[in-house]
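Worksheet: the structure to be examined is printed underneath.
Remember, it's 1-based here, ligands and their atoms both numbered in the order they're listed. Every value quoted in this text rests on a predicted model; they were computed, and no experiment measured them.
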Amino acid sequence: MIDTQLLMPTEESIQLAAQLLERGQLVGFPTETVYGLGANALDPEAALSIFAAKGRPADNPLIVHVAEPEQLEPLCHVNSTALKLMDVFCPGPLTMILPKKEIVPMEVTAGLNSVAVRIPSHPVARAMLKACKLPIAAPSANTSGKPSPTSAKHVMDDLKGKLPLILDGGECEVGLESTVLDLTSSVPTILRPGGVTPEMLLTVLEEVRIADSILRPLQEGEKALSPGMRYKHYAPTGKLTMVRGRPENVAGCIRRHTEAAKAQGQKVRILAFDEHRDMYSGLESVSIGSLNQPQCAAQKLFSILRSADDDSIPLLFSETLPASGIGLAFMNRLCRAAGFNEIDADAGEE
Ligand code: AMP
Ligand code: MG
């Protein structure tokens, strides 16, 4: 166990973070998507310590973060599509997969010949990356399998004693991990949806493919385009069920299930949009924001799942969003958090 300091971002704490990273140590830091667990991406030992701290499977590659586009040149082969995308979306929540160069250790890419790269926009992440002048490998700063951390407290809860420093930058703005876009395939392919939506990418690219396993589980024997998609992810300890359909049918269905569970003495929590919460009066519901602001649901999801664990809630029901815009990323995470467990409330009683 090491002593974990939780510091507000100041010039001194950012310098300390940079020094720790230069020495091969781990630092938890805020980004606009979720908190990252950073280490020097050019140091294989440092990269391996990320896997150890998270309990991350060794074949799930890491994303390499840099402050400026020029820093990508030594790391990967940047093509014209990447340049066009960077003009519009970087810094921001877009990760690009590009052919890697020799300098990037295989420990970082989990043996792949491509590397995932991102330029975050969060001012604390940027200040830290500039101060250390290193590319920083950083997955989400959670224990593998748990919902990603969107506050410094979440990082503390999972990783206290496993790293010397966490920078506290408050709550993350996007709340879901970056969009992972594969630029090594003939048509750019979204492997993981995130803050940069397909609709946004299509303002720059002629064609974008969406990996079709984004809203369904991988089939037996199916190869994952992105190794991370193989694993169980984002799941709360309690059992989460998504309920789809017309709002009044959804509310009716959730009410029936909740009342039945409560009659057996079980606690239930309902994730509901503001416009529908009065349909759950007398039951325990939490707001996932307004239907008109799907980015709010994205921002809150992981934090709500973590609170449910903190409060030992055994059963959760959630309303859903259409899988377009940021709704695609929200539904991708919700499906995985629910283990694809869902009810169609319009189909009559299940
Ligand atoms: P995380 O760092 O936890 O947000 O996860 C990074 C995601 O990017 C995982 O789903 C990885 O499998 C994916 N990823 C990273 N590098 C590559 C790569 N070279 N090829 C395909 N997917 C990648
Ligand atoms: Mg992660």
Side-chain angles (χ1 to χ4, degrees), residues 26 28-39 41 47 50-66 72 75-78 82 92-101 104-120 122 125 135-150 154-155 158-159 172 174-185 188-196 209-211 213-214 218 222-235 298 301-302 305-306 329 332-333 335-337:
L26 298 173
F29 65 99
T31 82
E32 69 278 21
T33 58
V34 300
Y35 274 70
L37 177 63
I50 293 179
F51 289 88
K54 281 179 60 88
R56 183 173 173 104
D59 62 352
N60 191 6
L62 307 174
I63 296 174
V64 177
H65 296 67
V66 296
L72 294 179
L75 305 174
C76 54
H77 299 277
V78 179
L94 177 67
T95 294
M96 299 178 294
I97 312 273
L98 290 163
K100 88 172 195 73
K101 291 189 179 168
V104 181
M106 284 294 185
E107 285 78 0
V108 168
T109 65
L112 296 173
N113 289 322
S114 56
V115 61
V117 291
R118 177 163 112 79
I119 304 177
H122 194 290
I136 296 298
S140 48
N142 53 317
T143 300
S144 219
K146 293 235 296 179
S148 293
T150 56
H154 296 161
V155 184
D158 278 17
L159 299 178
C172 300
V174 179
L176 300 179
E177 305 83 346
S178 59
T179 304
V180 176
L181 185 69
D182 186 1
L183 295 179
T184 68
S185 50
T189 303
I190 296 177
L191 304 183
R192 176 177 76 185
V196 175
R209 196 171 286 158
I210 301 177
S213 53
I214 275 177
L218 283 176
E222 184 180 353
K223 187 171 172 289
L225 291 172
S226 180
M229 288 206 277
R230 270 203 303 276
Y231 303 108
K232 187 174 176 216
H233 251 141
Y234 320 116
L301 178 66
F302 288 148
L305 296 179
R306 280 182 172 261
N332 169 265
R333 305 314 191 275
C335 284
R336 279 161 179 78

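Below 4.0 Å from some heavy atom of Arg192 lie the following atoms of ligand 1, by number and element: 1 (P), 4 (O), 5 (O), 6 (C), 7 (C). Counting the atoms of ligand 1 from 1 in the order shown, those under 4.0 Å from a heavy atom of Asn60 are 9 (C), 11 (C), 12 (O). Residue Ser114 has at least one heavy-atom neighbour below 4.0 Å for each of these atoms of ligand 1: 18 (C), 19 (N), 20 (N). Of all atoms in ligand 1, numbered sequentially from 1 with element shown, those under 4.0 Å from a heavy atom of Leu112 are 18 (C), 19 (N), 20 (N). Here is the list of ligand 1 atoms found below 4.0 Å of a heavy atom in Ala116: 15 (C), 16 (N). Remark: ligand 1 atoms within the under-4.0 Å shell around heavy atoms of Arg56 are 1 (P), 2 (O), 3 (O), 5 (O), 6 (C).
Not a single donor-acceptor pair under 3.5 Å links the side chain of Thr33 to the backbone N or O of Glu177. Judged by distance alone, with hydrogens and angles left aside, the side-chain atoms of Asn332 form a donor-acceptor pair with the main-chain N or O of Ile214 at under 3.5 Å. Proximity of a side-chain donor or acceptor of Thr179 to a complementary backbone N or O of Val196 within less than 3.5 Å is detected.
Around the Mg ion (ligand 2), the protein atoms of type N, O or S found under 2.8 Å away are Ser140 OG, listed by chain and number.
Not a single heavy atom of Lys100 sits less than 4.0 Å from an atom of ligand 1. Residue contact check for ligand 1: Thr109 places no non-hydrogen atom closer than 4.0 Å to it.
Annotation: side-chain contact (heavy atoms from CB on, under 4.5 Å) contacts of Ala82 (sequence neighbours excluded): Val78, Asn79, Met96, Leu98, Leu183. Arg56 is linked by a salt bridge (charged side-chain N to carboxylate O under 4.0 Å, His left out) to nothing, counting only residues two or more places apart in sequence or in another chain. Every salt bridge (charged side-chain N to carboxylate O under 4.0 Å, His left out) that Glu32 has, sequence neighbours left out, goes to Arg118.
Among Ala110, Pro61, Gly194, the residue whose heavy atom lies nearest to atom 15 (C) of ligand 1 is Pro61.
The minimum heavy-atom distance linking Cys172 with Pro149 is given by the pair SG-O, 4.4 Å. When all heavy atoms of Ile50 and Ala137 are compared, the pair lying nearest together is CD1-O, 3.3 Å.
Here NE2 of His122 is found 12.0 Å from NE2 of His65. Values are rounded to the nearest 0.5 Å.
For a threshold of 3.5 Å applied to N or O pairs, the pair formed by Glu177 and ligand 1 contains no separation below that value. In terms of polar-atom proximity, defined here as any N/O pair under 3.5 Å, Lys54 makes no such contact with ligand 1.
Of the candidates Lys54, His154, Arg306, Lys54 is the only one forming a side chain to side chain donor-acceptor pair (under 3.5 Å) with Asn142.
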- From CA spacing to verdict: side chain to side chain contact (heavy atoms under 4.5 Å, CB included), Val155, Phe29: CA-CA 9 Å; Val155 184; Phe29 65 99; over 6 Å; no
